Protein chains: 2
Amino acid sequence: MKPNIQHVAERAQVSKATVSRVLNDNPQVKGEIKERVLRAIEELKYRPSTIARNLATNRTNTIGLILPDITNPYFPVLARGIEDAAHRLGYTLFISNTDNDPKLEQDIIYKMVEQQVGGIVLISSTLDEQTVNDLTSLQTPIVLCDRLIENKPFDAVSIDNYKAAQEAVHYLIGQGHTRIAHLAGPKNIQSAVSRRTGYVDAMLAANLEPFVSVGTFSYESGVHQMGDLIEEYGPTAIFAANDLMALGAMHEIYRRGLRVPEDISIFGCDDIAFCAMSRPMMSTISIPAYQIGVTAVQLLDDHMKGVRSGSKNVILEHKLIHRESCNGVDQK
Amino acid sequence: MKPNIQHVAERAQVSKATVSRVLNDNPQVKGEIKERVLRAIEELKYRPSTIARNLATNRTNTIGLILPDITNPYFPVLARGIEDAAHRLGYTLFISNTDNDPKLEQDIIYKMVEQQVGGIVLISSTLDEQTVNDLTSLQTPIVLCDRLIENKPFDAVSIDNYKAAQEAVHYLIGQGHTRIAHLAGPKNIQSAVSRRTGYVDAMLAANLEPFVSVGTFSYESGVHQMGDLIEEYGPTAIFAANDLMALGAMHEIYRRGLRVPEDISIFGCDDIAFCAMSRPMMSTISIPAYQIGVTAVQLLDDHMKGVRSGSKNVILEHKLIHRESCNGVDQK
DNA sequence: TCGGTTTCAGAAACCGGTTACACAATTTTA
DNA sequence: TAAAATTGTGTAACCGGTTTCTGAAACCGA
C-alpha cells in the first residue's frame, strides 16, 4: 500500500502539518524533528501526492502546449524551447496536436483548462474573433506563438513575418531576379498571410509583378505548386513561405532536369534543420524557434506569478541565412 | 469567482451527490431533476475541477511520454502516434526530454509518478539493471519503446533491429559491395548495439571484413565519421545506424567531390521524412514509428484498465525501402 | 389495503495534502 | 523574576469532487 502523509506523521511521531512543512522546506521545522520526518519519509519511500497538493493549493505547476502538428519539422524546436524553459521553472508540460482543426483546438483548450493547467502556450492560426472572446473569459493565461493579436488580454511572441518576407524578396532582387514567384501558405494562417503580403508589397515597390501560388505549407504542396509554376510562369527565383515547400519545389526542379540555383533560385523560410542538409543547402530566413518557445514560457510564468497583468507582444529577430540555393541571374 | 459543484447544487436545489451523478452520466438521475442540474451547469458555465476529481478517484487520465529529444526527427512521428492514441482513449499527455541523461531521466520518471500519471511511455537507452529494478517497485505501468527488456514487468514495443541490420547488409552485398563500413550509434543505446551486431554478423557470415566507426546518431557525427572512413578505409558502401548519420555521410561525400551512389552507396535506418526529400533519395529501413507509439499506448491502456497483468514484448515489422542512394559496384 | 421491492436523492465520509489559528514552550526584555 | 515576545508544533478546517450508505417515496402484487 502506498504511504501517505499520515503514515509518515505517525512514524515520525509528529502531525501531518509538520510533515507538510518539512516537505515544503519550511524553515520553521528543524533539528531533531526534521531529521525524524526525513528519516520516516526515507524509510517509507514516501512520495507526496501531487494531485492532493494541487487541490489544496489550487495550482498545478503544469503548462499546456497546443500546436498544429509536432511532425512538422518547425515545431519540435519550438516545443523543445518550451519544454526546457518549463522544466527549468518547475512546470511539467502537457502537449496536444490540433491539425489546425478549430473545433478540436477549442476542445483541447477547454480540456486543458479543466486539467487546471497554470497557463497555455497556443500555436494557432484558426482563432476567430468569437473564439478569442470566449478564451478571454477563461482565467487561464494564454500566450500565442507565431501570431500577433491586438487589444486582447493575451501575450504573443512572434517574428515580423512581413518584414522577413520583404528582406527575402530584396535579397532575390539584389541578385538580379525579376521573375520571382511566391509559394504561399494557407490563407487562414496569419504568418502565411503576412509573408505573402510582405512579398507582394516588396515586389510592387520594385515595380515587379508578383506571382503567387497558394499551397498548404507541406512538402507535397511545394512539389505540385512548383510544377505548375514552371509551366505557367517560368520564374527564375522562388520565395517559399516555408522550408518544406521550398524543399518540395527544389525536388520538382531537379526531377525536371533543371538545377538550383543555376536555373531557378529558391529561398525558404523557417530554417529547419534540413536546410543545412539539403544539396544545395537552402538559403532561408532563420526564425529563432527555440527562443520563441523560451520567451513564451517566460511570459506565461510572469503572468502566473502575477508579476505582470497587461498583455504584451514580443517580436524576436529573424535572420537571413545565405547558403547555396540562390544565385544571381547574371551568372548564368 | 469560479463556480464549484456546491454552487451548482444550490442553484439546482439538489445535493452535491446528485450533481456529481449528472456529471458522470449516472442513469440514476433523470427527468426534471437532471434537467435542473444541466441548466444550472449551463447557466453558471460550470466546469468540474479535474484535480478534485483526480484526488477523489485516485486516477488522472494522464500518460507521460519521456524521450531523449523531440528535436531528433525520428521522435516526432512516434510522439504523434502516442498522442493520437492517448487522445483517442481520453488521456492527456505529458512530455519531457531527457537528452539521454540517466540522472535527469530518473528525476523525470519520479516527477511524473508524483503527478500520478496513469502510465509512462519511456524511450530510454540508458536504463541500467539497478534503475530498472527501482522502477519495478513503482506501481505505475511503464512501456518501453525501441528497447526490449526481459524478465521484467514492463511491456516493450520495438522492431527487430538485429534482423533489420542484417537485411540492410544483405541488400548491399547483393549489389556486389564488399567494402561495406558501418556508421554505428552510441554504445549505450540498445538499438544501436543491435544494429551493429546485426551488421557484424551479416558481414562475417558473408566472409567479409566488418569495419565499424562509432558515432553519436547525429548529422555532424555522420559528417566526421565519413571523412575519417574515406581516408582510413575507402568503403564502397555505408550502412549507417540511423538516417541522420547517413545524411551527414552523404553530405561529406559530396563535399569531397564524390557522388552517391556512383562512388559510394549509402543505406540508412529509420526512414525519417527527409529520406524522401534528399537528393539522391535515401534508401533505408523503414521503422513504423507511428505504429510503435500507438501500440505502446494500447499496451499501457490494457495495463491501466487491468485487462492484462503480465508483461509483453511486441515486435513490429520493419521494411526495406529501396530508393536512390545505393547502386551495384558493377555499374560503375 | 398493505407489506415488500425498487428507485432515487441526500448526508456524510473520504481522497491526501495545505494552512490559518491556537497554544505551549522557550527566549527575551524590563 | 515576571511579563512579553518569539518559536515551534498541533488541531482542524479546507480544497472540490466521488461514493457508500441510508431512508423516503413510488411502485408492485396479492
Side-chain angles (χ1 to χ4, degrees), chain A residues 1-38 40-41 44-62 90 111 113-118 139-140, chain B residues 1-41 44-62 90 110-111 113-118 139-140:
Chain A
M1 192 52 207
K2 212 181 157 188
N4 63 24
I5 200 171
Q6 183 64 44
H7 299 138
V8 176
E10 283 164 13
R11 179 160 193 124
Q13 309 200 51
V14 295
S15 70
K16 282 174 23 173
T18 299
V19 177
S20 174
R21 291 188 184 106
V22 171
L23 290 174
N24 293 291
D25 280 324
N26 187 320
Q28 276 183 13
V29 189
K30 46 199 167 189
E32 199 250 344
I33 297 229
K34 181 166 183 179
E35 290 301 323
R36 281 217 311 269
V37 173
L38 289 175
I41 289 174
L44 294 174
K45 288 188 189 309
Y46 165 74
R47 300 240 152 215
S49 157
T50 305
I51 50 180
R53 173 177 297 168
N54 287 344
L55 181 58
T57 58
N58 203 30
R59 291 177 308 122
T60 59
N61 284 321
T62 56
K111 194 171 171 189
V113 170
E114 283 169 37
Q115 293 274 358
Q116 310 286 131
V117 295
Q139 74 304 339
T140 308
Chain B
M1 192 51 209
K2 211 180 159 190
N4 63 24
I5 200 170
Q6 184 64 45
H7 300 138
V8 176
E10 283 163 14
R11 179 159 193 126
Q13 309 200 50
V14 295
S15 70
K16 285 174 19 173
T18 300
V19 177
S20 174
R21 291 188 184 106
V22 171
L23 289 174
N24 293 292
D25 279 324
N26 186 322
Q28 274 186 13
V29 188
K30 46 198 166 191
E32 200 252 342
I33 296 224
K34 182 167 181 177
E35 289 302 322
R36 282 217 311 270
V37 173
L38 289 175
R39 195 160 355 105
I41 288 174
L44 294 174
K45 287 191 192 307
Y46 165 74
R47 300 229 153 225
S49 157
T50 305
I51 48 180
R53 174 177 294 170
N54 286 345
L55 181 57
T57 59
N58 202 30
R59 292 177 307 122
T60 59
N61 283 322
T62 57
Y110 281 113
K111 194 170 171 190
V113 170
E114 282 169 37
Q115 294 273 359
Q116 311 286 131
V117 296
Q139 74 303 338
T140 309

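So that the names make sense, note that chain A is the first sequence line, chain B the second, and so on, each numbered from 1. The structure presented is a predicted model; accordingly, all values stated were derived computationally and were not measured.
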Rounded to whole Å, please give me the gap between [atom1] in [X] and [atom2] in [N].
X: A:D25; N: C:dT18; atom1: CG; atom2: P; value: 12 Å
X: B:E32; N: C:dT7; atom1: CD; atom2: P; value: 21 Å
X: A:N26; N: D:dT7; atom1: CG; atom2: C1'; value: 12 Å
X: B:E10; N: C:dA11; atom1: CD; atom2: P; value: 12 Å

Is there any salt bridge (charged side-chain N to carboxylate O under 4.0 Å, His left out) pair reaching into residues 16-29 of chain B, and which pairs are they, with sequence neighbours excluded?
->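 Salt bridge (charged side-chain N to carboxylate O under 4.0 Å, His left out) check on residues 16-29 of chain B returns no pairs.
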B:Q6, CD: over 12 other non-hydrogen atoms inside 6.0 angstrom |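 Atom CD in B:Q6 is crowded, with more than 12 foreign heavy atoms closer than 6.0 Å.
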Heavy atoms from other residues, nucleotides or ligands near NZ of A:K2 exceed 12 (cutoff 6.0 Å) |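 Correct, the count exceeds 12.
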Which nucleotides of nucleotides 15-27 of chain D have their base under 4.0 Å from a protein heavy atom (B), which only their sugar-phosphate (S), and which neither (-), written as one string 5' to 3'?
-> BBBBBB-------
What closest approach, in Å, do A:K45 and A:P3 show between heavy atoms, and which atom pair accounts for it?
->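 Residues A:K45 and A:P3, closest heavy atoms: O-CG, 4.4 Å.
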Can you name the closest pair of heavy atoms from B:S15 and B:A9 and give their distance?
->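 The answer is C-CB, 3.7 Å.
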Stepwise side chain to side chain contact (heavy atoms under 4.5 Å, CB included) test for A:S49 and B:Q116 = CA-CA 7 Å; A:S49 157; B:Q116 311 286 131; 4.0 Å; yes
Side-chain (B:T18) to main-chain (B:V14) donor-acceptor, under 3.5 angstrom |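 No.
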Can you pull out how bent the helix from C:dT1-D:dA30 to C:dA30-D:dT1 is, comparing the axes over its first five and last five pairs, to 10°?
->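 Axis-to-axis angle, ends of the helix: 40°.
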Considering only NZ, NE, NH1 and NH2 on the basic side and carboxylate oxygens on the acidic side, decide whether B:R39 and B:E35 come within less than 4.0 Å.
->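 B:E35 and B:R39: not salt-bridged.
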